[in-house]
2 protein chains.
Amino acid sequence: MPDNAGMAARTKSPAPSPGSSSGPSASGPSADGSPDTTAEGYLAQFLGAQTVRLGLRERKKQATRNAIRRATFTLIEEQGYDATTIEQIAAAAEVSPSTVFRYFATKEDIVLTDEYDPVMLAVLRERPEGEPPLASLRFLLTEAVKAVSAHEPEELRQRSRLIVEVPAVRARMTETMAQTSQALSVVLAERTGRAPDDLEVRMFTAAVLGALREAMIYWGERGFEEDLLAVVGRTFDLFERGLTL
Amino acid sequence: MPDNAGMAARTKSPAPSPGSSSGPSASGPSADGSPDTTAEGYLAQFLGAQTVRLGLRERKKQATRNAIRRATFTLIEEQGYDATTIEQIAAAAEVSPSTVFRYFATKEDIVLTDEYDPVMLAVLRERPEGEPPLASLRFLLTEAVKAVSAHEPEELRQRSRLIVEVPAVRARMTETMAQTSQALSVVLAERTGRAPDDLEVRMFTAAVLGALREAMIYWGERGFEEDLLAVVGRTFDLFERGLTL
DNA sequence: CTCTCACTTGAGAGCTACTCTCAATTTCAT
DNA sequence: ATGAAATTGAGAGTAGCTCTCAAGTGAGAG
């Protein structure tokens, strides 16, 4: 899977202001109908959609957010993750340290955050009715990987490198994936007519995401040589074989 | 699964001294032959085995370690996890804060650490030759749960509660499980004649442990009402059905 | 039994992620 | 333009964790 492709970090919402009101949240995408199943841009369209039509306030917030993230990536590239402090990031982004924490709950989140989660949930809900859960997840994650690879390939690599190399980042991503797993489980339970907290469904998604996490680390360990999409493919192939070793 | 049953935390080894030399490490158990398959004590015997015959130094270290853990559990019980500081723990255990960090790399580890990991690996190696990986894991984890439930039932509950309630603890346990997963993968790869870093094996174990993590959280969420062993059973049943939903 | 060496400990200084509060500034709506 | 709401910076504070150094304690050799 991609970075934490589609596993947005949303724990500990960034304090009071910016974080909470910023995102267009989960509703947006499903409205504009007619999804073109273009191989490479299925999820992408759901994202850019409502970026326009924003007041000055919102635009400034996005700008600040991007400034912080860009500054962070640059600094880390130069000095490494641990050596980069929040103070430096704040200085480079020309904001105060307080502001950094207003936008990102943890230092790790600056590197990890993306907003695919609500999109993936929306897409999952719109999958053909009888589609088996595993097929739905395969579609979802494949598309997510494509989208991230196309949209922000450089970030994907750097992020993945940090996930492999920095324990704290990896841990945070794992937490984030677990949350995504929960959210997906609820929708899958609904789609298969089970209770929202059905144990089997939860274990199922947890198993799939757990395997994907491993696949992605594997990918990172080999220096991103292999095709990420292929690695994800192997993961789902394994599950389709009934996970028999 | 139990707390992090058998998933010992061993990252960032507790600084120079005590941590490194303390444990009898991985070799011990496999030596004394004739394992009695007594339903409830299979793994247990591997543990107590070499607790005796220790010099004063080692005994003191064990005592300190226990003192710290006991103090921690007590304080957390009274005040909650976040409200309990290392300083308080140190005071209660009658050691210095430095010493606490010499024995445990992180605050979370004080609550999580146990030493089933090397035992599990040793036991896994001794499983009958042709046994399918899933069956081996089932045996291993079932026994681990039994052992922990019998050995330290009270800690198991409190630990599980913290895993459900405190994100930091849960995250740390997950990291720990990932490491266990890696270790198990290596042995499983060996037993099935594959490369030590074979992707399919890694995904397989990651999937199983991911599901178990979920099962354990599920168990904790219901207030430990259901039988933990049964929940673990359901997990493996699901996998034996080929993980079909 | 004792002397020496390696190990363990406590003290303390230091760094940084993260929280909280408050006053100042900026955007938005009317 | 004016008042309300939101965003920001400043600053102080907490706690986990690291590192260093000197003092104390157990282990083994002679």
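Below, read A as the first sequence line, B as the second, and so on, with proteins coming before strands; counting in each chain starts at 1. Being a predicted model, the structure only gives us computed values, none of them experimental.
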Tell me whether the count of non-hydrogen atoms from other residues, nucleotides or ligands lying under 6.0 Å of CD in B:E221 goes above 12. yes
So with a 6.0 Å cut-off around CD of A:E94, is the heavy-atom count from everything else above 12?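 No, CD of A:E94 has 12 or fewer neighbouring heavy atoms, counting only those of other groups under 6.0 Å.
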Between [N] ([atom2]) and [X] ([atom1]): distance, integer Å:
{"X": "A:I86", "N": "D:dA10", "atom1": "CD1", "atom2": "P", "result": "16 Å"}
{"X": "B:E108", "N": "D:dG16", "atom1": "CD", "atom2": "P", "result": "9 Å"}
{"X": "B:I89", "N": "D:dA15", "atom1": "CD1", "atom2": "C1'", "result": "12 Å"}
{"X": "A:Y103", "N": "D:dT7", "atom1": "OH", "atom2": "C1'", "result": "7 Å"}
{"X": "A:R59", "N": "D:dT7", "atom1": "CZ", "atom2": "C1'", "result": "16 Å"}
{"X": "A:E87", "N": "D:dG11", "atom1": "CD", "atom2": "C1'", "result": "12 Å"}
{"X": "A:F104", "N": "D:dT7", "atom1": "CZ", "atom2": "C1'", "result": "16 Å"}
{"X": "B:K107", "N": "D:dT14", "atom1": "NZ", "atom2": "P", "result": "15 Å"}

Of the options D:dC17, C:dT8, C:dC18, whose atoms approach the side-chain atoms of A:F101 most closely?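 Shortest atom-to-atom distance from the side chain points to C:dC18.
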Nearest to side-chain heavy atoms of B:S96, which nucleotide of D:dG9, D:dC17, C:dG10: C:dG10
Measuring from atom OG1 of B:T64 to atom CZ of B:R69, what distance do you get when rounded to the nearest 0.5 angstrom?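 Separation between the atoms: 13.5 Å.
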For A:T174 and B:T174, does a side-chain donor sit closer than 3.5 Å to a side-chain acceptor?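 No - no donor-acceptor pair under 3.5 Å links their side chains.
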Assess the side chains of A:E143 and A:Y116: does a donor N or O sit below 3.5 Å from an acceptor N or O? no
Please list each protein N or O that sits under 3.5 Å from an N or O in nucleotides 3-6 of chain C, with the distance.
from: C:dA6; atom 1: N3; to: B:R57; atom 2: NH2; distance (Å): 3.4

Is the charged tip of B:K107 near the ring of B:F101: under 6.0 Å from the six-membered ring centre and within 45° of its axis? no
Taking the six-membered ring of A:Y103 as reference, does the NZ or CZ atom of A:K61 fall below 6.0 Å from its centre and within a 45° cone about the axis? no
Look at all strands and tell whether A:S98 reaches a base, only sugar-phosphate, or nothing, counting heavy atoms closer than 4.0 Å. base
Under-3.5 Å donor-acceptor pair between B:R102 side chain and C:dG10 base: yes
For A:K60 and B:T84, find the nucleotide of DNA chain D closest to each by heavy atoms; which residue's nucleotide sits nearer the 5' end?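 Nearer the 5' end of the strand: A:K60.
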Quick check on DNA chain C: between A:L56 and B:T64, whose nearest nucleotide comes earlier from the 5' end? B:T64
Taking only heavy atoms on the protein side, list every residue of residues 66-82 of chain A lying under 4.0 Å from any atom of DNA chain D, sorted numerically. none
Under 4.0 Å between a Lys/Arg side-chain N and an Asp/Glu carboxylate O for B:R172 and B:D109?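 Yes, charged N to carboxylate O under 4.0 Å.
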Quickly, which of A:V169, A:T113, A:V164, A:V111 forms a side-chain contact (heavy atoms from CB on, under 4.5 Å) with A:R159? Name it, please. A:V111
